[in-house]
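This report concerns only the one structure given below.
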2 protein chains.
Amino acid sequence: MTTIDDVAKAAGVSASTVSYVLSGKRTISAPTRARVERAIEKLGYRPHAGARALASARTAVIALMVPLRVGVNVPVIMQFVAGVVTRARDFEHDVLLLTQDDVSGLDRVTSGSMVDALVMMDIEADDPRVPLVAAAKQPTVLIGLPQDPEGLSCVDLDFEAAGRVAVRHLVGTGHTDLALIGSPPEVLRRHTSYAERLMRGLRDQAAGSGAAVTVEACDSTPSGAVQAVDTLLDTAPDTTGVIVHNEAALPHVLARLAERGRVPGTDVSVVAVCPTDVALAQRIPMTSIDLPAEDIGKVAVDMVMARLGGDQPSETRLLAPVLTERASSAPGPAAR
Amino acid sequence: MTTIDDVAKAAGVSASTVSYVLSGKRTISAPTRARVERAIEKLGYRPHAGARALASARTAVIALMVPLRVGVNVPVIMQFVAGVVTRARDFEHDVLLLTQDDVSGLDRVTSGSMVDALVMMDIEADDPRVPLVAAAKQPTVLIGLPQDPEGLSCVDLDFEAAGRVAVRHLVGTGHTDLALIGSPPEVLRRHTSYAERLMRGLRDQAAGSGAAVTVEACDSTPSGAVQAVDTLLDTAPDTTGVIVHNEAALPHVLARLAERGRVPGTDVSVVAVCPTDVALAQRIPMTSIDLPAEDIGKVAVDMVMARLGGDQPSETRLLAPVLTERASSAPGPAAR
DNA sequence: GTGAAAGCGCTAACAG
DNA sequence: CTGTTAGCGCTTTCAC
């Protein structure tokens, strides 16, 4: 293994000079720098990460805690992850993967100084991990909103605004009987805040527009989708405007609506809340409110890195929803 | 930050004793051990990962290189990842996430001693990463088979055997006109070996059984599935036995077959090669050959850990395919 | 503009 | 069974 001393010797300088060439923390004369760089190149030198972490108290690694077991919106999760990893690389950081259920992992990586910062996904209203990371010495960013952020920073789509935008779109195109086909019951039970925020926006705007809105939870399975649609059409048969917030169930919801004589884009108007690529991968291109998962991941890293630098105050960033109209929209009764 | 010396002081022993209590590398008297453990507990002591890595040349981290490009077997990839992460934790290791396109990451984590070992997914026949990791000081396990493993260990499903098993099942239930609806063209072009191995097994067994087999590549999109089915039925309209190896396209293949008057489980027999949960999440439960993604991930970690210990020789492990018959199977012409 | 030297916190001989 | 000590490879004062 080649060390910094080997490089120093080869370049005829001291180890500290090599260190400073690498870090750029002090000015080095052009010739010296050139000699050092040549030596580094020639010897294929790479600083030892552990030694560096020990001496500098920086690891160039951030921890990312991901829900790996849910099985549901896995592709969406991967988009968050992709955003986090690529942005972390922009900051010359690597990503240590922690799984959601490994709560002790937080203490391990945190107290053991394995990482410089943390990003946590899938935050519940009353998440037990929040107090843990709030007490850590590393800055943390949450993707999602807990009830009490305890001074931590958060990012997420503004689901409440998304609910309003969806209702506004449907009401604006002539629909007055609306429905939400949403998250699985377990998600609601856990009080994952995005589900509740979406519903709040939906209901607020519906109340203001004189529209009715029925809410159905929906298992992320084919049969769950069928059941949700069937229940919905039994309870509220006049529904013509449907909002779907469940990536996995979406294709089956569309299929079932058609089977029940409500063809999406013709008889009913459907708005999906999901990443754009999911919206486009359906049988017909869906009108959708984009869930910019990758962007959210990137913003999370930006925020955590900013906090690593100075002692910025924490903040919550809610990204504004963008609705794109596509083939699943149809004029409603009031517009015909 | 509390250090090993703080603990030593609090317990009235030397730092090395604390270290040995932690590592178990030498026998400690019960009372001493108790005092040390109490001190650790009381002070909330956690060894500093960097210091440990520097002194012991062990990081307790393994690198996992994952294809994050938003291709569409994302859920399957996540299962591999879940297997790797959980098994790594069993060995008290964490996982550093590297993305496929970040080839320089290999050198970074390897030469920089950031990890003890590597696991790489999605290996192509002539993968440029293989020579890189073959030259690294850390042991590596590949998930998939390159043309030349260069002394590295590999794990994968035995896709060739899977091809044979699928054909045997279909022929055994009366089908003689078979087809494979497989990976997207790009995957084939990259010579990802599993696709080719599956085809080889398929053709071998078909030749031996006097069955015909048509092969269609298939984009992982709804329209790709439709197109593949349409082309297939135009080229080989007598097909009654279909093997599908494309998780994302599977639901749309089934739908299109039905639309074209070939109802899966009635008119045609369909065998999927995919994880069991995917097989069960279709409109009808699919006869399938399980792709035990999580197990493969676990085995990969087992292998790499074994190699970490001693200097075991490298090996290739191909997991035997298991076919489970479900509702998508139907008797063929020869059986009616 | 560059060097010397003191650690960072831990492990693992070496000694007893 | 336990303590002493010499590093592991790097960063960063302090000194010139």
Side-chain angles (χ1 to χ4, degrees), chain A residues 1-37 39-40 43-61 92 108-116 137, chain B residues 1-37 39-40 43-61 92 108-116 137-138 308:
Chain A
M1 210 207 142
T2 113
T3 74
I4 199 170
D5 283 312
D6 300 333
V7 175
K9 213 153 290 170
V13 299
S14 73
S16 62
T17 297
V18 176
S19 177
Y20 284 118
V21 165
L22 251 21
S23 69
K25 287 190 182 173
R26 76 182 184 192
T27 42
I28 307 278
S29 72
T32 307
R33 144 168 291 115
R35 285 215 315 288
V36 170
E37 279 167 349
I40 287 176
L43 300 180
Y45 168 69
R46 286 276 188 185
H48 185 287
R52 199 168 237 192
L54 182 56
S56 70
R58 281 299 180 98
T59 62
V61 175
E92 309 201 275
R108 180 160 29 90
V109 304
T110 272
S111 310
S113 300
M114 296 182 72
V115 301
D116 294 338
K137 57 179 181 286
Chain B
M1 210 208 140
T2 112
T3 74
I4 200 171
D5 283 313
D6 298 335
V7 175
K9 215 153 289 170
V13 299
S14 74
S16 64
T17 296
V18 176
S19 177
Y20 285 118
V21 165
L22 251 19
S23 70
K25 287 190 182 174
R26 74 184 186 190
T27 42
I28 307 280
S29 73
T32 306
R33 140 167 294 114
R35 287 214 314 290
V36 170
E37 279 166 350
I40 288 176
L43 300 179
Y45 167 70
R46 286 277 188 185
H48 185 287
R52 199 168 237 193
L54 182 56
S56 69
R58 282 301 180 98
T59 62
V61 176
E92 309 200 276
R108 179 159 28 89
V109 302
T110 275
S111 311
S113 301
M114 296 182 72
V115 301
D116 294 338
K137 55 179 182 284
Q138 291 91 342
L308 248 190

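Proteins get letters first, then strands, A, B, ... in listed order; numbering begins at 1 in each.
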Taking only side-chain nitrogens and oxygens of T17(B), does any of them come within less than 4.0 Å of OP1 or OP2 of dG3(D)?
yes
Hey, could you give me the [atom1]/[atom2] distance between [X] and [Y], rounded to the nearest 0.5 Å?
X      : Y      : atom1 : atom2 : answer
S16(B) : K25(B) : OG    : NZ    : 13.5 Å
H48(B) : L54(B) : NE2   : CG    : 10.0 Å
I4(B)  : L43(B) : CD1   : CG    : 12.0 Å

Would you sort out whether M114(A) and V61(B) count as a side-chain contact (heavy atoms from CB on, under 4.5 Å), showing the intermediate values?
CA-CA 10 Å; M114(A) 296 182 72; V61(B) 176; 3.8 Å; yes
Mark up nucleotides 5-12 of chain C, 5' to 3', with B wherever a protein heavy atom is under 4.0 angstrom from a base atom, S wherever such an atom reaches only the sugar-phosphate, and - elsewhere.
--BBBBSB
The nucleotide from dG1(C), dG3(D), dG3(C) with an atom nearest the side chain of V13(A) is dG3(C)
Side-chain contact, heavy-atom cut-off 4.5 Å: Y45(B) with L22(B)?
yes
Taking the side chain as C-beta and beyond, is there a heavy-atom pair between L308(B) and R58(B) under 4.5 Å?
yes
Between the first and last five pairs of the helix from dG1(C)-dC16(D) to dG16(C)-dC1(D), the angle of the axes, rounded to 10 degrees
30°
Which whole-number value in Å describes the distance from I28(B) CD1 to dG3(D) C1'?
11 Å
Using only modelled atom types and a 3.5 angstrom limit, is any donor from either the side chain of R26(A) or the base of dG3(C) paired with an acceptor on the other?
yes
So, S56(A) side chain and R52(A) main chain: donor-acceptor pair closer than 3.5 Å or not?
yes
Is a donor from one side chain sitting under 3.5 angstrom from an acceptor on the other, for S14(B) and T17(B)?
yes
Heavy atoms only, 4.0 Å cut-off, all strands: where does G12(A) land among base, sugar-phosphate and nothing?
sugar-phosphate
